[in-house]
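All values below come from the heavy atoms of this structure, side chains included, with hydrogens, waters and symmetry mates left out. Everything quoted here is computed from the prediction, not taken from an experiment.
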Amino acid sequence: NALNGTNKYRIHFDKVNIPHPKAFWSITAYNDKYNLIDNEAEIWCLGDYTKTMKYNSDGSLDIYLQADKPEGEKAFNWIPTLKGDDFNLFFRAYLPEKSWIDQSYEAPGVEKI
């Protein structure tokens with residue numbers, strides 16, 4: 001199913017599933033025409049270089065995709081979407097680890113919440 005900004009989503013990385021490329025990783029949201037999603041918060045992506053991102057106490061990581069800014073600490077891990085519009089995600093790893101190259105790495109799914 002298409003991802004749509006009317007819904008709220010979460011991507012959950014277990015501690016052992018967080019990528020560790022030689023450079024960096026990122027998740028970026030694009031609209032249905034593959035342009036960055038225009039938003040007042042001026043947030044288009046999150047990645048390991050995002051200094052404000054909050055990891056869970058067990059070392060796992062949750063990223064939230066939704067139109068409205070989530071409350072509390074979830075806001076640190078938020079990628080805005082547009083209510084009612086379909087969107088796409090790109091998950092990139094720059095200078096990836098071997099598991100990405102041999103395609104044994106399994107990225108977590110996007111969960112509708």
Hphob cluster co-occupancy, L3 + I11, side-chain heavy atoms under 4.5 angstrom = yes
task = Under the side chain to side chain contact (heavy atoms under 4.5 Å, CB included) rule, what do T28 and L89 come out as? Steps first, then yes or no, please.
result = CA-CA 6 Å; T28 308; L89 296 176; over 6 Å; no
D58 side chain to S60 backbone, donor-acceptor under 3.5 Å = yes
ask   = Is there a donor-acceptor contact under 3.5 Å from the side chain of N77 to the main chain of D62?
value = yes
Validation row: P21, Y94 side chains within 4.5 angstrom (heavy atoms) = no
ask   = What distance separates K8 NZ from E111 CD, expressed to the nearest 0.5 Å?
value = 13.5 Å
Heavy-atom side-chain proximity of I18 to Y55 below 4.5 angstrom = yes
request  = Can you see which heavy atom on P80 is nearest to which on A29, and at what distance?
outcome  = O-CB, 4.5 Å
ask   = Are a donor atom and an acceptor atom from the side chains of N4 and D86 found within less than 3.5 Å of each other?
value = yes
key: Heavy-atom side-chain contact between I101 and P96 under 4.5 Å   = yes
request  = Would you please indicate if the ring centroids of W100 and Y105 are separated by under 6.0 Å?
outcome  = yes
key: Near-ring test F91/F13, centroid separation under 6.0 angstrom   = yes
inquiry  = Just so I know, are the side chains of Y64 and I113 near enough to count as touching, which here means a heavy-atom distance under 4.5 Å?
reply    = yes
task = Report yes if some heavy atom in the side chain of I79 is under 4.5 Å from a heavy atom in the side chain of I27; otherwise report no.
result = yes
key: Any donor-acceptor N or O pair under 3.5 Å, side chains D32, N88   = no
key: Summary of side chain to side chain donor-acceptor pair (under 3.5 Å) pairs that have at least one residue in residues 38-51, sequence neighbours excluded   = none
ask   = Rounded to the nearest 0.5 Å, what separation is found between the CD atom of E71 and the NZ atom of K69?
value = 10.5 Å
message = Which heavy atom of Y30 sits nearest to which heavy atom of R92, and what is that distance?
response = OH-NH2, 3.2 Å
ask   = So, the side chain of N31 versus the backbone of Y34: is there a donor-acceptor pair under 3.5 Å, distance only?
value = yes
request  = Could you list all the side chain to side chain donor-acceptor pair (under 3.5 Å) pairs where at least one residue sits in residues 14-26, not counting sequence neighbours?
outcome  = H12-D14
request  = Report yes if some heavy atom in the side chain of L82 is under 4.5 Å from a heavy atom in the side chain of F87; otherwise report no.
outcome  = no
ask   = More than 12 foreign heavy atoms under 6.0 Å from CG of N1: is that the case here?
value = no
request  = May I ask you to establish whether K54 and F76 are in a cation-pi arrangement, using a distance under 6.0 Å from NZ or CZ to the six-membered ring centre and at most 45° from the ring axis?
outcome  = yes
ask   = Is T81 reaching over with its side chain to a backbone N or O of L65, donor-acceptor style, under 3.5 angstrom?
value = no
key: Short N-O contact, K83 and D68, less than 4.0 angstrom   = yes
ask   = Yes or no on side chain to side chain contact (heavy atoms under 4.5 Å, CB included) for Y9 and N7, after CA distance, side-chain angles and deciding distance?
value = CA-CA 7 Å; Y9 301 94; N7 303 312; 3.1 Å; yes
